[in-house]
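These notes concern the structure reproduced below.
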Amino acid sequence: MEHAAPGTASATVVAPALPAPIGLLAELTHRCPLKCPYCSNPLELERRAGELDTATWKRVLSEAAALGVLQVHLSGGEPTARRDIVEITRHCAETGLYSNLITSGVGLRPGLLEALSDAGLDHVQLSVQAADAAVADDIGGLAGAHATKLAFAEKVVALGLPLTLNAVIHRANIASIGDLVELALRMGAKRLEIAHVQYYGWAFANRAALMPGREAVVAAMAVVEDARVRLKGRLVIDAVLPDYYARYPKACVGGWGRRSINVSPTGKVLPCHAAETIPDLVFWSVREHALAEIWARSPAFEAFRGTGWMKEPCRTCERREIDFGGCRCQALAFAGDAAATDPACHRSPLHAQMVAIAEADARAEAPYRYRGYSSMPA
Ligand code: SF4
Ligand code: FES
């Protein structure tokens, strides 16, 4: 392990020093106007009454800057549902943090985007559900949402803010990735994120409705590769392959407790957005602890940091410091053990079973199970 042991007094912290996190995901609220069936928020959403207040968020952001965080992702739910989003954004600018608004582009009050720009917002990341309006609105569970997003994107570009388009890919939209590339160009986006659904939390419950077939995935990746070459210099395209058909897992969140830190709407600090699906992890809260202390010593961050917690085959694998054993939440969801090798790895004893399930799910017909938090209280 590359950090002080829990309970070590700060004056005797051992070397080498723990690196600072690069990014902080500020989940300002779980309120959201959409109901995407792959939502990455926890199954149990936090209510508005439990959310951190403005002063606490500002303290957390100041602590993040002092800790060495460079980028803050203002996220949710829909972060613009917070009445104090402008004040929070301004605080990011004042503390030298690069701010990225991760938004659905739906439900913003008039003048809010302009106010955010004036407050120093650095970047906007807009989610789109599909290139086709009817498909997109069906996935998001809200009629008219796609048209609202198009108008929002136009405003973002007119204000001179850099725009990234984020599209979560699954069975209903994988065949039209080329259309998403064209949409990103038409919108004036500089970057397109093609992110295949990750199957934990709510998406795990919708796996049979969302899983694409292997041939569709291979074809989609070819489209992405072609677009990358063709559009070099005009559009950056980042793509995450679906794990279930991969040979090696992704280094989820860049490795547990290595690069990023999540703060939930109520102040719990998580190593990844789905960490609450792992039973028995103890999350410290910014209500009781300083962010630096949580990063260095909280039990949830300690649990899977480094390589000391690994079992075989990861423990002796030459890739253990490349992918860090994959995703802990996926290991839990699939293997029932968060310390197991991610079954997306072909060296996992469960890998063949995972592929078989993916192929069966890809052939299944299932309706979406939508999330429930569809209202956006004022
Ligand atoms: Fe990564 Fe573990 Fe697979 Fe090795 S065995 S490639 S460390 S997940
Ligand atoms: Fe939790 Fe991958 S989402 S470790």
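Just so you know, ligand 1 is whichever comes first in the structure, and atom 1 is the first atom listed for that ligand. Starting from 1, each residue takes its place in the sequence as its number.
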TODO: Enumerate the atoms of ligand 2 whose separation from the nearest heavy atom of Cys272 is less than 4.0 angstrom.
DONE: 1 (Fe), 3 (S), 4 (S)
TODO: Tell me whether the guanidinium CZ or amine NZ of Arg90 lies under 6.0 angstrom from the six-membered ring centre of Trp57 and within 45° of its axis.
DONE: no
Open item on the list: Less than 3.5 Å apart, any donor N or O on the side chain of Asn262 or His273 sitting next to an acceptor on the other?
Closed with: no
- [ ] Could you list the atoms of ligand 2 found under 4.0 angstrom from a heavy atom of Arg328?
- [x] 4 (S)
Open item on the list: Distance under 4.0 Å to a non-hydrogen atom of Cys327: what atoms of ligand 2 satisfy this?
Closed with: 2 (Fe), 3 (S), 4 (S)
TODO: Only one of Gln198, Arg214, His196, Met211 passes side chain to side chain contact (heavy atoms under 4.5 Å, CB included) with Tyr244; say which it is.
DONE: Met211
- [ ] State, without any angle test, whether Glu302 and Ser298 hold a side-chain donor-acceptor pair at a distance under 3.5 Å.
- [x] no
Task: For ligand 1, the residues whose heavy atoms come within less than 4.0 Å (ordered by chain, then number) - done: Tyr248, Pro249, Pro313, Cys314, Cys317, Arg319, Arg320, Asp323, Gly325, Thr341, Cys345, Arg347
TODO: Indicate whether the side chain of Lys149 and that of Ser127 have a donor and an acceptor atom separated by less than 3.5 Å.
DONE: yes
Open item on the list: I'd like to know if Asp337 pairs up with Lys311 as an ion pair, taking the criterion as any Lys NZ or Arg NE/NH1/NH2 lying under 4.0 Å from an Asp or Glu carboxylate oxygen.
Closed with: yes
Task: For Cys252, the ligand 2 atoms whose distance to one of its heavy atoms is below 4.0 Å - done: 2 (Fe), 3 (S), 4 (S)
Task: Glu78 and Ser104: side chain donor to acceptor below 3.5 Å - done: yes
Open item on the list: Could you check whether Thr29 and Glu51, counting side-chain N and O atoms only, form a donor-acceptor pair closer than 3.5 Å?
Closed with: yes
